[in-house]
Structure formats: C-alpha cells, structure tokens
Novice: 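Below is one structure. I have some questions about it.
Just so it is clear, the model here is predicted, and its values are computed rather than measured.
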2 protein chains.
Amino acid sequence: MTSLAEENYLKAIYKLYEKNGAMVSTSALAETLQINAASVTDFIKKMAAKKLISYQKSKGVSLTEQGRLIALNIIRKHRLWEVWLVNNLGFKWDEVHEIAEQLEHVISDELIENLDKHLGYPKADPHGDLIPDAKGRFIKNSSKPLLECTKGDKVKFTGVAEHSNSFLQYLTKSNISLGDEIVVEVIEEYDNSFQVKINKKERKLLSKEVVKNLLVVVM
Amino acid sequence: MTSLAEENYLKAIYKLYEKNGAMVSTSALAETLQINAASVTDFIKKMAAKKLISYQKSKGVSLTEQGRLIALNIIRKHRLWEVWLVNNLGFKWDEVHEIAEQLEHVISDELIENLDKHLGYPKADPHGDLIPDAKGRFIKNSSKPLLECTKGDKVKFTGVAEHSNSFLQYLTKSNISLGDEIVVEVIEEYDNSFQVKINKKERKLLSKEVVKNLLVVVM
DNA sequence: AAATAAAATTAGGTAAGCCTAATTGTGTAT
DNA sequence: ATACACAATTAGGCTTACCTAATTTTATTT
Ligand SMILES: [Mn+2]
Ligand SMILES: [Mn+2]
Ligand SMILES: [Mn+2]
Ligand SMILES: [Mn+2]
C-alpha cells in the first residue's frame with residue numbers, strides 16, 4: 001500500500017517534526033532525504049492527495065494521523081531490527097543502522113510481532129531510542145542530556161542524542177556503554193567539560209560536546 | 001548494483017534451468033514472474049547487455065557465470081532466512097516463503113555471514129533445499145523421490161519436490177516431518193500408492209502424487 | 001509446400017520517482 | 001516601499017519496469 005519512497009518520506013517528516021516541533025519545510029526534507037527540492041514538492045503533493053500528510057503550499061507539511069501511524073510503525077521495525085542485529089547477530093551499535101534501513105521496509109505484521117517476542121519485548125534499541133508498540137505508543141522515560149546535570153548527580157546512561165558513527169565509536173573507544181552509572185564529580189565552568197566517574201571505577205573527562213549528547217536518567 | 005527486478009529474473013532463470021535442463025524461454029519466464037512476455041523480452045535484452053545472461057533471440061536465455069553466482073547468492077539468502085524464521089521465530093514451514101522473498105533482497109554480506117554463523121551453518125532450509133555457501137557451492141546429497149524406492153527400503157525424509165502450501169500443510173496434518181524414518185512396506189502396483197511405516201510407529205498410506213514429491217535418502 | 005497455431009518480438013505507452021532550469025513567493029534589510 | 005536573498009514551485013525531461021496491440025518468427029499440421 002505505501003511505497004518505499006513514501007515510507008522514507010513519512011519517517012523523515014516524523015523525525016524532523018519531532019526535532020523542530022513545527023511544520024516541516026521542503027528544503028529540510030530535501031536535505032535529509034538527499035533529494036532535490038523540486039522532486040520533494042512533487043512528491044509531497046501526491047502524498048497529501050493520499051491523506052498521508054497535510055500540505056500547505058509554500059509553508060510545509062505535517063503528518064496526518066494515518067501518516068503518523070505508518071511512520072511510527074517503520075520506526076518500530078527499524079529499532080527492533082537493530083536490537084536483533086546487536087543482541088543476536090553480534091554487530092556493534094555503529095554497524096546496524098544501514099542494515100536496519102533496509103529491513104524496516106519488509107512487510108509482515110506477524111514477522112514483527114514474532115521478532116518482538118523473540119527479543120523479549122525490548123523497550124529501547126541499542127542507541128537507547130524508545131521502541132513504540134504495535135499501536136504507535138511509547139513508554140516515555142525522563143532522560144535528559146548529561147549537560148543539564150549538576151555536581152554530585154548520580155545518573156544512568158540511557159541513550160545518545162547524536163547517532164553519528166564517529167560519536168558512537170568515540171564512546172566505544174572510551175569504554176562508555178548504555179546502562180553505565182555516571183557520577184558527576186566536577187563541572188568546569190569555563191568550558192562546560194565534566195569530570196565524571198563511570199561505574200564507580202574509571203574517572204573520565206568529557207567535553208561539552210560529549211555531555212550534550214549523552215542522555216541520562218537520574219538514579 | 002543489481003536491482004530487485006534483476007535479482008528476481010536471475011533467480012527465476014536459475015530455477016527454470018535447473019528444472020528443465022535447457023535454455024529458458026521467454027514465455028516460461030513470463031509465466032513464473034507473472035509478467036507480460038513482451039516486458040520479459042525487453043528486460044532480458046538489457047540483462048544480456050549487462051552480461052548477466054546470454055540471450056539468443058527467439059531461442060531463450062541462460063545464465064552467465066556472473067549471473068549464476070548472483071542467483072545462487074539470492075537463493076542462499078532466501079534459504080538462510082527461512083531457516084531463521086522457522087528455527088528462531090517460530091514460523092511453520094508453510095509460512096516463511098513470502099517473507100523470505102522480501103528478506104533475500106537485503107544487501108549486506110556481513111549480515112548474511114553473521115546470520116549463517118548464528119544459525120550454526122545449516123546445510124538445508126526448512127523444506128530440505130540445500131543452502132549454497134558464499135561462493136555458490138552446494139554439498140549435493142543423494143536424495144530421490146520416494147516413488148523410486150522399492151519394497152523393504154528404509155529411508156530418511158529429507159526434502160520436498162513440491163513447495164505448495166497445500167502439500168506442506170498436508171504433510172503437517174499427516175504428521176510427517178523432515179528427518180522422519182520411512183520404511184516401504186507395500187507398493188500397490190495398480191495405483192502406485194505406498195504403504196509405509198513412519199518412525200517405526202505409525203503406518204500410513206501415501207498416494208503416488210505424494211510419494212512423487214517426498215524426497216528421501218536411503219539409510 | 002502451404003496453412004495454421006503458438007511463441008517471441010517490436011512499437012508505442014504509462015506511472016513512479018527522480019532531475020535541471022526557469023519562475024514565483026516570502027521574509028529581511030535598506 | 002523597494003530591493004535582495006533564499007525558499008518553493010512549475011515546466012519539461014529522463015530512467016526503470018511494466019503494459020497492450022500489432023507484427024514477425026518458429027514449429028506443427030495438413
Ligand atoms: Mn538506526
Ligand atoms: Mn537506533
Ligand atoms: Mn522459499
Ligand atoms: Mn525453502
């Protein structure tokens with residue numbers, strides 16, 4: 001029913017809307033999908049005709065309820081596949097995104113329900129991103145950037161705000177993994193760098209750029 | 001490099017060639033792919049230009065070595081995914097083909113090697129079809145239709161010559177599974193039906209249509 | 001050898017999803 | 001209010017993978 005291209009547009013619109021909290025512009029979509037803006041205009045007109053999005057000429061698009069549910073289903077599939085790739089197939093967290101981009105488009109509700117069951121109904125993917133249920137509902141958690149913490153806070157590392165391979169690999173190299181306990185020991189006022197203790201053992205210095213992208217929940 | 005359509009054509013050509021042992025006709029391809037013969041002619045000309053197949057006008061096509069390797073790789077992926085769907089996700093053997101038809105087109109050599117490892121390097125899929133290795137090599141076994149056996153033969157059920165859901169479901173309903181031991185007790189000359197004993201326990205009557213499609217190896 | 005049937009090809013289209021180049025709209029600076 | 005910059009749209013094209021209808025080739029029958 002929905003084509004590969006439509007699924008990718010819906011997912012991109014969903015994510016851009018989440019990030020910016022406003023109607024999604026043609027140019028933003030063109031940028032993230034790596035497609036010419038003229039082609040995007042064309043395409044979103046057809047999607048609007050199918051009631052997948054609502055489109056206000058020259059102003060941007062947003063998802064209809066129908067479009068939102070499809071987007072969430074693709075995101076659900078993407079994240080479940082990522083869990084499988086890391087937990088069962090031995091991939092590293094920086095190696096799974098491209099493969100999940102393909103797997104997310106495989107169509108079979110039973111497949112996804114069986115996969116979900118097989119994985120033990122995970123709540124989050126290997127990057128800490130929450131996995132919506134089959135009806136598109138999230139169990140929201142209270143994570144925030146480590147940057148917003150203050151001295152003495154004891155937190156748990158639950159996700160990343162930046163998904164680039166270079167950031168993921170930096171964390172791997174630095175021996176920082178999802179689930180780690182982080183205690184904020186010193187915050188350097190000058191550059192916002194944090195001195196932290198990881199899992200009660202290792203002491204580490206983290207730059208502002210890093211603490212901005214580490215998502216944590218207070219313990 | 002090779003498109004979805006090309007992969008499906010290559011696989012269909014491979015299977016038709018295996019079955020008939022001769023050049024594959026335009027009409028046979030059109031029939032299996034459910035595509036108009038004129039479209040097939042069009043498409044095979046382009047594939048021949050890419051050296052995926054060799055094409056003799058009005059006579060038919062056959063795979064080049066390059067095309068054969070791609071076809072075998074798709075078949076390898078299809079069968080590995082089927083093993084996973086049955087062994088790990090709890091699907092029945094008559095429920096996996098359509099899903100594997102989609103999964104076989106996911107592109108990632110590492111994914112397939114990791115999947116193969118995860119599954120314990122299976123030699124055959126849930127229907128007993130052999131799984132080629134990454135270089136397209138099979139470990140051929142000596143299976144033959146049960147129909148070719150004679151009275152007193154003790155054999156092992158290793159595969160099916162017919163993959164229709166109705167046949168697979170008939171076997172499931174009749175409690176006949178891959179790996180079962182079958183002893184031929186009586187062959188009725190008149191209609192070629194077989195009276196057999198399954199796993200030293202159950203006695204069954206199998207029609208010619210059935211014994212023709214049960215592949216076995218002599219024990 | 002001629003007629004007929006069946007298979008394959010050619011010719012001319014279509015829809016999906018993209019492109020470039022040209023034009024129009026919108027918001028900001030003067 | 002006018003000019004300028006940038007964003008968005010329109011117009012016209014292209015490629016892939018299909019289609020139908022018409023024609024040609026091949027195989028079979030008389
Ligand atoms: Mn991802
Ligand atoms: Mn992820
Ligand atoms: Mn199959
Ligand atoms: Mn199979």
Novice: State, without any angle test, whether B/Ser54 and B/Thr64 hold a side-chain donor-acceptor pair at a distance under 3.5 Å.
Specialist: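 Short answer, no.
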Novice: Grab the OH-C1' distance between A/Tyr9 and C/dA16 for me, whole Å please.
Specialist: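 Value for this atom pair: 11 Å.
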Novice: Does A/Ala5 offer a backbone N or O that forms a donor-acceptor pair with the side chain of A/Asn8 under 3.5 Å?
Specialist: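 Flag not set: sc A/Asn8 to bb A/Ala5 has no pair under 3.5 Å.
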Novice: Under 3.5 Å, is there a donor-acceptor pair between the side chain of B/Arg76 and the main chain of B/Gly136?
Specialist: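 No; judged by distance alone, with no hydrogens or angles, the pair does not exist.
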Novice: Would B/Arg68 and B/Glu65 count as a salt bridge (charged side-chain N to carboxylate O under 4.0 Å, His left out) if you check the C-alpha gap in whole Å, the side-chain angles of each, and the deciding distance to 0.1 Å?
Specialist: CA-CA 5 Å; B/Arg68 205 183 77 93; B/Glu65 186 55 19; 3.5 Å; yes
Novice: Using the closest heavy atom to pick a nucleotide of DNA chain C for each, name whichever of A/Asp42 or B/Ile44 lands nearer the 5' end.
Specialist: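 Closer to the 5' end of DNA chain C: B/Ile44.
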Novice: Could you tell me whether B/Ser58 contacts a base, only the sugar-phosphate backbone, or nothing, with contacts defined as non-hydrogen atoms closer than 4.0 Å?
Specialist: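 Since only primed, P, OP1 and OP2 atoms lie under 4.0 Å of B/Ser58, the category is sugar-phosphate.
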Novice: Does B/Ser39 have a side-chain nitrogen or oxygen under 4.0 Å from the phosphate oxygens OP1 or OP2 of D/dC19?
Specialist: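 The answer is yes; a side-chain N or O of B/Ser39 sits under 4.0 Å from OP1 or OP2.
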Novice: Can you tell me the distance, in whole Å, between the CG atom of A/Asn36 and the P atom of D/dT15?
Specialist: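 Between P of D/dT15 and CG of A/Asn36: 17 Å.
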Novice: Is the shortest side-chain N/O distance from B/Lys59 to OP1 or OP2 of C/dA7 below 4.0 Å?
Specialist: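 For C/dA7, neither OP1 nor OP2 has a side-chain N or O of B/Lys59 closer than 4.0 Å.
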Novice: Heavy atoms only, 4.0 Å cut-off, all strands: where does B/Ala5 land among base, sugar-phosphate and nothing?
Specialist: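 Answer is sugar-phosphate: B/Ala5 comes under 4.0 Å of backbone atoms only.
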Novice: Does anything in residues 22-31 of chain B reach DNA chain C, meaning a heavy atom under 4.0 Å, and if so which residues?
Specialist: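 Heavy-atom cutoff 4.0 Å gives B/Ser25, B/Thr26, B/Ser27.
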Novice: State whether A/Lys45 places a side-chain N or O below 4.0 Å from either non-bridging phosphate oxygen (OP1 or OP2) of D/dT10.
Specialist: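 It does, given that an N or O in the side chain of A/Lys45 lies less than 4.0 Å from OP1 or OP2 of D/dT10.
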Novice: Under the side-chain hydrogen bond (donor to acceptor under 3.5 Å, both in side chains) test, which residues partner A/Lys50, sequence neighbours left out?
Specialist: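 With sequence neighbours excluded, A/Lys50 shows a side-chain hydrogen bond (donor to acceptor under 3.5 Å, both in side chains) to A/Glu6, given in chain and number order.
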Novice: The side chain of A/Ser3 is closest to which nucleotide in this list: D/dA17, C/dA8, C/dG17?
Specialist: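 Nearest to the side chain of A/Ser3 among the choices is C/dG17.
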Novice: Take atom CD of B/Gln56 and atom P of D/dT25, then tell me their distance rounded to the nearest Å.
Specialist: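 In whole Å, D/dT25 P and B/Gln56 CD are 17 Å from each other.
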Novice: Please determine, for the side chain of A/Ile35, which listed nucleotide (D/dA17, C/dC19, C/dA8) has the closest atom?
Specialist: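 Of the options given, the side chain of A/Ile35 lies nearest C/dC19.
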Novice: Can you tell me the distance, in whole Å, between the CG atom of B/Leu33 and the P atom of D/dT16?
Specialist: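 In whole Å, D/dT16 P and B/Leu33 CG are 19 Å from each other.
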Novice: Using whole Å, what does the distance between atom P of nucleotide C/dT9 and atom CZ of B/Phe43 come to?
Specialist: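 So the CZ-P distance, B/Phe43 to C/dT9, works out to 15 Å.
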Novice: To the nearest Å, give me how far apart CE (A/Met47) and C1' (C/dA16) are.
Specialist: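 Checked: the CE to C1' distance equals 14 Å.
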Novice: Just how far, in rounded Å, is C1' of D/dC18 from CG of B/Asn8?
Specialist: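 After rounding, the gap between these two atoms is 14 Å.
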Novice: In this structure, which one of A/Thr2, A/Leu10, A/Val61 forms a side-chain contact (heavy atoms from CB on, under 4.5 Å) with A/Met47?
Specialist: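 That would be A/Leu10.
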Novice: Counting distance only, does the side-chain N/O of A/Thr26 pair as donor-acceptor with the main-chain N or O of A/Thr41 below 3.5 Å?
Specialist: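 Between the backbone of A/Thr41 and the side chain of A/Thr26 there is no qualifying donor-acceptor contact (under 3.5 Å).
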Novice: Is the shortest side-chain N/O distance from B/Lys57 to OP1 or OP2 of C/dA7 below 4.0 Å?
Specialist: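 Checking C/dA7 against B/Lys57, no side-chain N or O comes under 4.0 Å of OP1 or OP2.
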